[in-house]
Enquirer: 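Supplied in structure tokens, the structure appears directly below.
Scope of the values below: all heavy atoms of this structure, side chains included, with no hydrogens, waters or symmetry mates. No experiment lies behind these values; they were computed from the predicted model shown.
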Protein chains: 2
Amino acid sequence: MPLDHALLVALAERPASGLELAHRFSRSIGYFWSATHQQIYRTLARMDDDGWLVSHTVEQQGKPAKRVYEVADEGHRVLATWLAEPADPHPLRSDLAVKMRGASFGDRAQVLDVVRTALAEHHARLAHYRYLMSRDYPDPSTLSGLERDQHLVLRGGILMEDAWVAWLTEYLEAHA
Amino acid sequence: MPLDHALLVALAERPASGLELAHRFSRSIGYFWSATHQQIYRTLARMDDDGWLVSHTVEQQGKPAKRVYEVADEGHRVLATWLAEPADPHPLRSDLAVKMRGASFGDRAQVLDVVRTALAEHHARLAHYRYLMSRDYPDPSTLSGLERDQHLVLRGGILMEDAWVAWLTEYLEAHA
DNA sequence: CGACCCTATGCAACGAGTTGCATGCCGATG
DNA sequence: CATCGGCATGCAACTCGTTGCATAGGGTCG
């Protein structure tokens, strides 16, 4: 599984410590890729062992020292190779879809509540993405390279959330 | 992870053997939820042990006997309870999104090829979903209960694939 | 009839992801 | 000053998912 590669991309964008990565993954990146700090620490240690990364400790004032990782030459090679490989798209894997499909085997009113809660969540995410979009990329036509790609991935998040909102809204209307 | 519950829904719709479920999961259901036969066999055995299912062997002509599972009372209780619980939506977990974001750290032309391949795949899925839609639900307004839910989930698949196609198309156009 | 594929089930081993907990230091709050 | 929360890292145990392989019967094609 390419948590390795997601971390390589994140570290290629900017070197960071384990906890900083955990924060990034629960913010901007994390809307597209989740990971706990455990997983991140373990994976960083392994990639360091394998020579994909180099690390050094950084002393801080008023905080414990942190271990900052950056991508080594070997890591850049691994990343470039992986980027050129075909990506197999895996399906939704969504609890909610299973619940919607199975609603007639339980209390339908309760399932509709679950769907309403999920819809509110997706609305909130969509609003947050739009906020990030206007804050970070007010003028998309001027972007290039890394920033353009980041912008386009955020754009994908918006399209996905739009689709979720449309879907759940349709579901609720059909059961109104 | 709710492979358990996905199987309960599938078996509540219609009792089946392990292999039949594996086939269903690689066809209609599998577009929204993938599972290998291994996983299915193991999970069925555990659910049977736990009393969620009852099973009996069915002799066949010209084929080995199969073990058909159906949902027991306990399984129906578990399913109804689970259906009423809130569902936490987890994010994309998409290799492709990571590759698009990291494209500037590799050979961009190759990444664009990867994206083109994925786009073709999503186009194909979309066409297949539309085919299933017109074949199985030619007149959606007349549906009710289970069939209506199945229809709405397929509809969700179409909306998701639409979003993917739009996203990848935008990405390719931005890098044209 | 031998090779091969399909049905049908399953074991074993591994890798990935989750959960709970532990450590140690610092700063702030009461 | 004692406690609590945040920073920073990590161990251990568990579950979930994947991969490779095994078995055993039957059908088909050259």
Side-chain angles (χ1 to χ4, degrees), chain A residues 1-8 11 15-27 29-30 32-50 53 55-69 82 87-95 98, chain B residues 1-8 11 15-27 29-30 32-50 53 55-69 82 87-95 98:
Chain A
M1 284 301 172
L3 176 58
D4 316 33
H5 302 99
L7 287 171
L8 282 178
L11 290 174
S17 71
L19 201 61
E20 285 162 0
L21 285 168
H23 285 145
R24 276 204 241 165
F25 270 73
S26 66
R27 290 168 198 272
I29 302 179
F32 312 99
W33 199 280
S34 72
T36 62
H37 67 146
Q38 286 310 329
Q39 222 180 316
I40 290 172
Y41 279 122
R42 241 189 317 171
T43 307
L44 286 175
R46 201 196 42 202
M47 292 196 291
D48 200 354
D49 281 352
D50 293 349
L53 306 177
S55 64
H56 56 278
T57 57
V58 173
E59 300 296 330
Q60 300 179 105
Q61 290 178 347
K63 294 184 199 175
K66 63 184 176 181
R67 170 167 293 256
V68 171
Y69 295 87
W82 176 76
D88 42 20
H90 52 183
L92 287 183
R93 268 318 169 101
S94 159
D95 289 28
V98 177
Chain B
M1 283 302 171
L3 176 58
D4 318 32
H5 303 99
L7 287 171
L8 282 178
L11 289 174
S17 71
L19 201 62
E20 285 162 0
L21 284 168
H23 285 146
R24 274 204 242 166
F25 270 74
S26 66
R27 290 168 198 273
I29 301 178
F32 312 99
W33 198 279
S34 71
T36 62
H37 66 148
Q38 286 310 329
Q39 221 180 316
I40 289 172
Y41 279 122
R42 241 191 316 171
T43 308
L44 286 175
R46 197 187 28 142
M47 291 197 292
D48 200 355
D49 280 352
D50 293 350
L53 307 176
S55 64
H56 57 276
T57 58
V58 173
E59 300 296 330
Q60 300 180 105
Q61 291 177 347
K63 294 185 199 173
K66 62 183 177 182
R67 172 167 291 257
V68 171
Y69 295 86
W82 176 75
D88 42 18
H90 52 182
L92 287 184
R93 265 324 168 101
S94 160
D95 288 28
V98 177

Enquirer: For dT19(C), does either OP1 or OP2 sit under 4.0 Å from a side-chain N or O belonging to Thr36(A)?
Expert: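 Answer no for this pair, as no side-chain N or O of Thr36(A) is under 4.0 Å from OP1 or OP2.
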Enquirer: Does a side-chain heavy-atom distance below 4.5 Å link Leu8(B) with Leu53(B)?
Expert: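 In short, these two side chains touch, coming nearer than 4.5 Å.
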Enquirer: Nearest whole angstrom, please: distance from the P of dG10(C) to the OH of Tyr69(B).
Expert: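 Answer to the nearest Å: 5 Å.
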Enquirer: Which atoms form the tightest heavy-atom contact between Asp48(B) and Arg67(B), and what is the distance?
Expert: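 Taking every non-hydrogen atom into account, OD2-NH1, 4.3 Å.
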Enquirer: Can you check whether Asp4(A) reaches Arg46(A) side chain to side chain, under 4.5 Å on heavy atoms?
Expert: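 Side-chain contact under 4.5 Å: yes.
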Enquirer: Less than 4.5 Å apart, any side-chain heavy atom of Thr36(A) and any of Tyr41(A)?
Expert: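 No. Closest side-chain heavy atoms not under 4.5 Å.
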Enquirer: Please list, in numerical order, the residues of residues 37-46 of chain B that have a heavy atom closer than 4.0 Å to any atom of DNA chain D.
Expert: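 Only Gln38(B), Gln39(B), Arg42(B), Arg46(B) qualify.
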Enquirer: Measure from the side-chain N and O atoms of Arg93(B) to the backbone N and O of Ser34(A), and report whether any donor-acceptor pair falls under 3.5 Å.
Expert: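 Confirmed, Arg93(B) side chain pairs with Ser34(A) backbone.
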Enquirer: Side-chain contact test, heavy atoms from C-beta onward, threshold under 4.5 Å: evaluate it for Leu19(A) versus Lys66(A) and give yes or no.
Expert: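 Side-chain contact under 4.5 Å: no.
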Enquirer: Over how many whole Å does the gap from Gln60(B) atom CD to dT7(C) atom P extend?
Expert: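 Interatomic distance, CD of Gln60(B) to P of dT7(C): 11 Å.
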Enquirer: How many whole angstroms separate atom CZ of Arg67(B) from atom P of dG10(C)?
Expert: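 It is 7 Å, rounded to the nearest whole Å.
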Enquirer: Look at the side chain of Pro64(B) and decide which nucleotide, out of dA8(C), dG17(D), dG10(D), has an atom nearest to it.
Expert: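 Closest nucleotide to the Pro64(B) side chain: dA8(C).
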Enquirer: What is the minimum heavy-atom distance between Ala87(B) and Asp95(A), and which atoms define it?
Expert: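 What the structure gives for the nearest pair is CB-CB, 4.2 Å.
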Enquirer: Measure the distance from CZ on Arg93(A) to C1' on dT18(D) and round it to the nearest whole Å.
Expert: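 Computing the Arg93(A):CZ to dT18(D):C1' distance gives 11 Å.
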Enquirer: Please report the distance, rounded to the nearest Å, between CZ in Phe25(A) and P in dG17(C).
Expert: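 Interatomic distance, CZ of Phe25(A) to P of dG17(C): 11 Å.
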Enquirer: Please report the distance, rounded to the nearest Å, between CG in Leu3(A) and P in dG17(D).
Expert: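 The answer, rounded to whole Å, is 17 Å.
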Enquirer: What is the distance from CG of Asp95(A) to C1' of dC16(D), rounded to the nearest Å?
Expert: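 The answer, rounded to whole Å, is 13 Å.
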Enquirer: When the distance from CE of Met47(A) to P of dA16(C) is rounded to whole Å, what number comes out?
Expert: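 Between P of dA16(C) and CE of Met47(A): 11 Å.
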Enquirer: Of the listed nucleotides (dG17(C), dG10(D), dT7(C)), which one gets closest to any side-chain atom of Leu19(B)?
Expert: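 The answer is dT7(C), which lies nearest to the side chain.
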